[in-house]
Q: 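Handing you a structure now.
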Amino acid sequence: MVHQQRSEAHLSPSSDTEDSAHMSRLLAPRLAYFAGVARTEHVTRAAQEMQVPQSTLSRAMVRLEQDLGVDLFARRGRTVSLTAAGRTFLSSVERALAEIERAADEVRADADPATGKVAFGFLHTMGSETVPGLIRAFRADHPRVRFSLVQNYGEAMLERLRSGELDLCLTSPVPDAPDLVGHRLDEQKLRLVVPADHRLAARKRIRLAEAADETFVTLEPGYGMRRITDDLCQEAGFKPRIAFEGEEAETLRGLVAAGLGVALLPPPAVARPGVVELTVTAPRAVREIGVAWLDGHPDTPPVAAFKKFLLSRRGHLLPD
């Protein structure tokens, strides 16, 4: 009975995983040594090429064979030749080392001050004009820095910050979370967008309370603009009646143009026919735009440079 229990424990998935991880930690430092000895078929020559003591190299090969439980080399003095198992192992080791070198080259390239990469997220409404203008201005002094650009809504971008997929993001509202750093950069006035043939279309300005009986089209829950819309309507004394929920501001403008409701939105990059955009005089209808990053996350030189650039745009982030 005792023997059966030990066998089951040894064969359990968690035990197998731990044994595999332990074996990988033992093998990893010895793979380059093995490839060097296999290439030269001479321990002394390999030690000289790799600039390590011969005794260190010899011990590493013996331990590697002990860990694997197979002979990788046939030895004749200081000259060695690969066994059949050694040749099989070498083929995989060379592929693994090449992949490691490729990955090392990639991360070094991404961190290069002149040619590195910035993973940058931003709201959909920032994509047509604001972000292209920012990148153009930044690249005047950093012409070879590369960007991986991600458009998404605020909460999704913050999760990608936390997962390490993004270095920085422009979002609204500015996050207030213990694991994130957020800095307010600018604010954007919001407008009440109504169909061109709407009863309010002849107006220039409006108090939001005057739209209490209107049907609204909004972004989906989880979007910053949806939260702002709900909060502003509450401040104006009503809860909006929502007919449609979408994922993108210009889609909402299309719904408004089709007469399907009204919407609180930031100004468009290009005026859209079929709608009229009214200034909201009360309550104060704005959204803050800020930059956020993961607290304590080290910056590569290109990320640090772009972060400094964004912070320097405080108060004039958005196009006039």
Side-chain angles (χ1 to χ4, degrees), residues 98-189 222-225 228 248-250 266-270 286-320:
E99 182 63 18
I100 290 170
E101 183 59 29
R102 184 204 62 77
D105 289 342
E106 183 176 337
V107 297
R108 281 193 293 262
D110 287 350
D112 185 276
T115 62
K117 185 173 73 174
V118 179
F120 182 44
F122 51 92
L123 302 168
H124 288 284
T125 51
M126 306 270 100
S128 61
E129 191 171 359
T130 300
V131 168
L134 288 171
I135 293 177
R136 181 177 64 246
F138 175 74
R139 294 192 71 185
D141 294 324
H142 304 81
R144 298 168 64 198
V145 167
R146 296 168 290 125
F147 283 83
S148 173
L149 302 177
V150 174
Q151 290 179 271
N152 217 320
Y153 66 98
E155 288 300 321
M157 285 194 296
L158 298 185
E159 287 309 308
R160 296 182 80 160
L161 280 181
R162 291 183 170 105
S163 69
E165 297 175 64
L166 292 177
D167 298 310
L168 304 164
C169 71
L170 286 182
T171 188
S172 176
V174 181
D176 180 17
D179 60 335
L180 299 174
V181 178
H183 285 271
R184 180 184 182 278
L185 297 179
D186 215 335
E187 68 176 28
Q188 190 173 43
K189 291 182 179 179
Y223 284 70
M225 267 304 306
I228 292 169
E248 204 272 324
E250 288 312 302
V270 178
V286 298
R287 67 168 178 171
E288 291 186 338
I289 306 294
V291 60
W293 60 84
L294 188 62
D295 190 21
H297 192 271
D299 292 334
T300 62
V303 171
F306 190 57
K307 180 187 293 184
K308 181 179 179 181
F309 168 79
L310 289 176
L311 293 174
S312 76
R313 306 283 293 196
R314 187 180 287 111
H316 54 278
L317 176 79
L318 303 172
D320 295 331

Q: Using 0.5 Å steps for rounding, measure from the CG atom of Leu123 to the CD atom of Gln151.
A: 9.5 Å
Q: Measuring from Thr130:OG1 to Arg313:CZ, what's the distance to the nearest 0.5 Å?
A: 10.0 Å
Q: Tell me, which pairs form a ring-ring contact (aromatic ring centres under 6.0 Å, His included) where one or both residues lie in residues 150-174, sequence neighbours left out?
A: Tyr153-Tyr223
Q: Decide side-chain contact (heavy atoms from CB on, under 4.5 Å) for Leu158 and Cys169; before the verdict, give the C-alpha distance in whole Å, the side-chain angles of both, and the deciding distance to 0.1 Å.
A: CA-CA 8 Å; Leu158 298 185; Cys169 71; 4.1 Å; yes
Q: Is any side-chain heavy atom of Pro268 closer than 4.5 Å to one of Glu250?
A: yes
Q: Counting C-beta onward and ignoring hydrogens, is there a side-chain heavy-atom pair between Trp293 and His297 closer than 4.5 Å?
A: no
Q: Pair Leu185, Ile289 - check side-chain contact (heavy atoms from CB on, under 4.5 Å), show working.
A: CA-CA 6 Å; Leu185 297 179; Ile289 306 294; 5.5 Å; no
Q: Return the set of residues passing side-chain hydrogen bond (donor to acceptor under 3.5 Å, both in side chains) with Glu187 (not counting sequence neighbours), or none when no residue passes.
A: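 In terms of side-chain hydrogen bond (donor to acceptor under 3.5 Å, both in side chains), with neighbours along the sequence ignored, Glu187 is linked to Arg184, Arg284.
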Q: Under 30°, 30 to 60°, or over 60°: which ring-plane class applies to Phe122 and Phe120, parallel, tilted or perpendicular?
A: tilted
Q: Once rounded to the nearest 0.5 Å, what's the spacing between atom CZ of Phe306 and atom CG of Leu134?
A: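 Rounded to the nearest 0.5 Å, the CZ-CG separation comes to 6.0 Å.
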Q: Carefully, step by step, assess Leu318 and Met126 under the rule side-chain contact (heavy atoms from CB on, under 4.5 Å).
A: CA-CA 9 Å; Leu318 303 172; Met126 306 270 100; 3.8 Å; yes
Q: Report yes or no: does Asp110 contribute a side-chain atom to a donor-acceptor pair with the main-chain N or O of Lys117 at less than 3.5 Å?
A: no
Q: Just wondering, are more than 12 heavy atoms of other shown residues or ligands nearer than 6.0 Å to CG in Asp176?
A: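 Counting other residues, nucleotides and ligands, CG of Asp176 stays at 12 neighbours or fewer.
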Q: Tell me the closest heavy-atom pair linking Ala137 and Phe309, and the distance in Å.
A: CB-CZ, 3.8 Å
Q: Show the nearest heavy-atom pair for residues Gly116 and Pro302, with the distance to one decimal.
A: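 The pair with the smallest heavy-atom distance is CA-CG, 3.8 Å.
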Q: Give the minimum heavy-atom separation between Leu149 and Ile135, together with the two atoms involved.
A: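 Residues Leu149 and Ile135, closest heavy atoms: CD2-CD1, 3.7 Å.
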Q: My understanding is that only residues two or more places apart in sequence, or in another chain, count here; which of them pass side chain to side chain contact (heavy atoms under 4.5 Å, CB included) with Thr115?
A: Asp112, Arg144
Q: For the pair Leu180 and Asp295, evaluate side-chain contact (heavy atoms from CB on, under 4.5 Å) and give the outcome as yes or no after the intermediate values.
A: CA-CA 5 Å; Leu180 299 174; Asp295 190 21; 5.9 Å; no
Q: Under 4.5 Å between any side-chain heavy atoms of Val291 and Lys307, yes or no?
A: no
Q: Among residues at least two apart in sequence or on other chains, which ones pass side-chain hydrogen bond (donor to acceptor under 3.5 Å, both in side chains) with Ser172?
A: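 Here no residue qualifies.
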Q: Roughly how far, to the nearest 0.5 Å, is CD of Glu165 from CG of Asn152?
A: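 With rounding to 0.5 Å, CG (Asn152) is 10.0 Å from CD (Glu165).
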Q: Under the side chain to side chain contact (heavy atoms under 4.5 Å, CB included) rule, collect the residues that match up with Glu99, sequence neighbours excluded.
A: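 With neighbours one apart ignored, the set is Arg102.
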Q: Out of curiosity, His183 NE2 to Leu168 CG, how far, rounded to the nearest 0.5 Å?
A: 11.0 Å
Q: Just to verify, what does Pro266 make a side chain to side chain contact (heavy atoms under 4.5 Å, CB included) with, not counting sequence neighbours?
A: Thr125, Gln188, Leu190, Met225, Arg287
Q: So Leu170 and Val131, do their side chains get closer than 4.5 Å, heavy atoms only?
A: yes
Q: I need the Lys308 NZ to Ser312 OG distance, nearest 0.5 Å.
A: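 Here the interatomic distance stands at 8.5 Å.
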Q: Between the side chain of Asp186 and the main-chain N/O of Leu317, is any donor-acceptor distance below 3.5 Å?
A: yes
Q: Donor-acceptor pair, Arg139 side chain versus Pro143 backbone, under 3.5 Å?
A: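 Looks like yes, one N/O pair under 3.5 Å.
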